[in-house]
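One structure is given below, encoded as structure tokens.
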Amino acid sequence: MATIGVAAMKAAQVPKPGAAFEIVEREIPKPGAGEVRVKVQACGVCHSDVFTKEGQWPGIQYPRVPGHEVAGIIDELGAGVAAWEKGQRVGVGWHGGQDNTCVSCRRGDFRNCRNLKVPGISYDGGYQQYMVAPVEALAAMPASLSDAEAAPLLCAGITTFNALRHSGAMPGDLVAVQGIGGLGHLGIQFGNKFGYKVAAIGRGSENAGLAKKLGASAYIDSKSTNAAEELQRLGGAQVILATAPSSKAMADLIDGLGPNGKLVVVGAAFDPIAVTPIQLISGVRSIQGWAAGTPPDSEDTLRFAELTGVRPMTEIYPLEKAADAYARMMSGDAQFRVVLTM
């Protein structure tokens with residue numbers, strides 16, 4: 001009797017915490033009720049993928065396929081999925097689904113769901129040719145953005161866009177962006193398009209030209225000058241968007257905040273930010289953390305990028321080179337977002 005062949009796909013998986021990537025063949029997954037299968041076209045390689053690679057997130061089951069900056073096409077609808085169509089372009093970002101029953105969800109605060117699902121952590125993510133995601137994780141994607149452009153906007157893009165638009169800064173305000181990397185190069189562009197006076201803060205003079213090209217009005221080299229003093233010379237920052245994961249670099253900038261100024265932290269570091277109560281009381285300053293956002297926030301980010309020309313700078317790798325792409329991202333030398341294409 002003839003055997004029926006099972007359709008296979010390629011995936012880059014982490015077999016156990018700290019292990020090297022494996023390129024494996026897997027059966028193409030079937031979507032369950034309330035899920036869709038996405039044919040992945042591109043997936044960004046984000047610094048947060050270290051949680052999966054090194055087992056730094058409690059409860060991850062291995063082997064696991066990382067990836068939460070996914071651009072693709074709906075390939076199959078699970079039972080009960082009505083609002084989406086086969087063939088529709090979609091993105092899947094950090095917010096990979098919620099339980100809809102916890103107190104935060106009942107208040108409509110899905111971002112703070114007690115049982116938030118994250119693609120590549122809670123279930124297999126986008127380092128594969130097909131993935132299954134809950135409908136709550138889907139964001140509609142504009143036609144004019146390419147897959148490789150859209151993918152980084154679903155984490156690095158939404159994080160900076162959403163943090164800035166909720167920061168309280170108004171057009172004309174001085175807004176500083178600390179770090180000119182994967183997050184920062186997008187934060188500068190969004191800040192410029194929001195009408196802020198953007199001061200980009202980097203280490204060394206070599207990024208000055210790029211910062212201006214991205215839309216910064218001023219460039220501050222924190223290596224050769226006191227960045228907080230420079231910000232005060234410019235009038236004091238209403239908002240400092242801290243994107244580089246260095247707690248010391250963040251702490252050094254607090255005195256650069258103007259009255260009622262806010263340090264908005266999006267760069268994920270594990271060590272404490274050193275700040276004195278007097279620094280916060282004087283000038284009524286504050287520090288706020290910011291997590292990415294929900295799929296509707298992703299859609300806002302994508303539409304705004306389409307409208308204003310904000311685009312990530314990317315380095316593209318094929319799926320088979322996932323290990324090289326991850327190493328490039330971790331090196332800190334990438335210009336600026338690394339993207340896998342299928």
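All residue numbers in this chain count up from 1 along the given sequence.
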Any donor-acceptor pair under 3.5 Å from K53 side chain to A19 backbone
yes
Where is the tightest heavy-atom contact between A200 and I180, given as atom of each residue plus distance?
CB-CD1, 4.1 Å
Could you tell me whether K248 and D252 have a side-chain N and a carboxylate O separated by less than 4.0 Å?
yes
Does P63 reach the side chain of R26, with side-chain heavy atoms less than 4.5 Å apart?
yes
So do L214 and Q189 actually touch side chain to side chain, heavy atoms under 4.5 Å?
yes
In the structure I gave you, are the side-chain heavy atoms of P134 and Y123 within less than 4.5 Å of one another anywhere?
yes
Between T294 and D297, is any side-chain donor less than 3.5 angstrom from a side-chain acceptor?
yes
D49 bridged to R64 by N-O distance under 4.0 Å
no
Looking at every non-hydrogen atom in both residues, tell me the closest pair between A71 and D147 and how far apart they are.
CB-O, 3.6 Å
Let me check something: do V339 and L145 share a hydrophobic cluster, defined by ILVMFWY side-chain heavy atoms less than 4.5 Å apart, either directly or through other members?
no
Taking all heavy atoms of G126 and all of C43, pick out the closest pair and write down the distance.
O-CB, 3.3 Å
Distance only, no hydrogens: is a donor on one side chain within 3.5 Å (strictly under) of an acceptor on the other, for S205 and D221?
no
For A244, does its backbone N or O pair with a side-chain atom of Q178 as donor and acceptor, under 3.5 Å?
yes
Out of curiosity, L241 CG to T243 OG1, how far, rounded to the nearest 0.5 Å?
6.0 Å
Within 45° cone and under 6.0 Å: R111 NZ/CZ vs W290 ring
yes
How far does CD1 of I158 sit from OG of S298, to the nearest 0.5 angstrom?
3.5 Å
Within the structure provided, determine whether N100 and F110 are in side-chain contact (heavy-atom separation under 4.5 Å).
yes
Does the pair E306/R303 count as a salt bridge with the N-to-O cut at 4.0 Å?
no
Distance in Å, H185 NE2 paired with Q335 CD, rounded so as to fall on 0.5 Å steps
9.0 Å
Could E136 and K117 be called an ion pair, given the rule that one side-chain N must be under 4.0 Å from one carboxylate O?
no
E85, CD atom: more than 12 neighbouring heavy atoms under 6.0 Å
no
From N260 CG over to S286 OG, what is the distance, rounded to the nearest 0.5 angstrom?
8.5 Å
Would you name the heavy atoms of C46 and E69 that are closest together and state the gap between them?
CB-OE2, 3.8 Å
Under a single-linkage definition using a 4.5 Å side-chain heavy-atom cutoff for Ile, Leu, Val, Met, Phe, Trp and Tyr, are V198 and L253 assigned to the same hydrophobic cluster?
no
Linked, directly or transitively: V266 and V239 (ILVMFWY side chains, under 4.5 Å):
yes
In this structure, NE2 of H47 is separated from CE of M330 (nearest 0.5 Å) by 4.0 Å
Please check if the side chain of E299 supplies one atom and the backbone of A140 the other of a donor-acceptor pair under 3.5 Å.
yes
Minimum side-chain heavy-atom gap V135-V36 below 4.5 Å
yes
Do side-chain atoms of D75 reach the backbone of R37 as a donor and acceptor pair under 3.5 angstrom?
no
Write down the atom of T301, the atom of G157, and the distance for their closest heavy-atom approach.
CG2-C, 3.7 Å
From CA spacing to verdict: side chain to side chain contact (heavy atoms under 4.5 Å, CB included), L210, Y219
CA-CA 10 Å; L210 175 65; Y219 179 74; over 6 Å; no
With clusters defined by side-chain heavy atoms of hydrophobic residues (ILVMFWY) lying less than 4.5 Å apart, directly or transitively, does I240 cluster with V264?
no
For L186 and V310, run side chain to side chain contact (heavy atoms under 4.5 Å, CB included): C-alpha distance rounded to whole Å, both residues' side-chain angles, the deciding distance at 0.1 Å, then the answer.
CA-CA 7 Å; L186 288 165; V310 172; 4.1 Å; yes
Criterion side chain to side chain contact (heavy atoms under 4.5 Å, CB included) on Q88 and L138, from CA distance to verdict
CA-CA 11 Å; Q88 188 174 351; L138 300 179; over 6 Å; no
Using modelled atom types only, decide if a donor and an acceptor are shared between the side chain of Y130 and the backbone of E27 within a distance under 3.5 Å.
no
Between CZ on residue F161 and CZ on residue F194, distance to nearest 0.5 Å
4.5 Å
Do L263 and R285 have side chains that approach each other closer than 4.5 Å (heavy atoms only, starting at C-beta)?
no
Using a 4.5 Å cut-off on heavy atoms from C-beta on, say whether the side chain of R328 contacts that of V45.
no
Take atom CD in E206; do more than 12 heavy atoms of anything else shown fall under 6.0 Å from it?
yes
Hey, does V177 have a side-chain heavy atom less than 4.5 Å from the side chain of T160?
no
Donor-acceptor pair, S247 side chain versus D271 backbone, under 3.5 Å?
yes
Would F190 and R165 count as a side chain to side chain contact (heavy atoms under 4.5 Å, CB included) if you check the C-alpha gap in whole Å, the side-chain angles of each, and the deciding distance to 0.1 Å?
CA-CA 9 Å; F190 283 127; R165 71 168 172 170; over 6 Å; no
Within one Ile-Leu-Val-Met-Phe-Trp-Tyr cluster: V275 and L257, side-chain cutoff 4.5 Å:
yes
Nearest heavy atoms of W84 and A139, plus distance in Å:
CH2-C, 4.1 Å
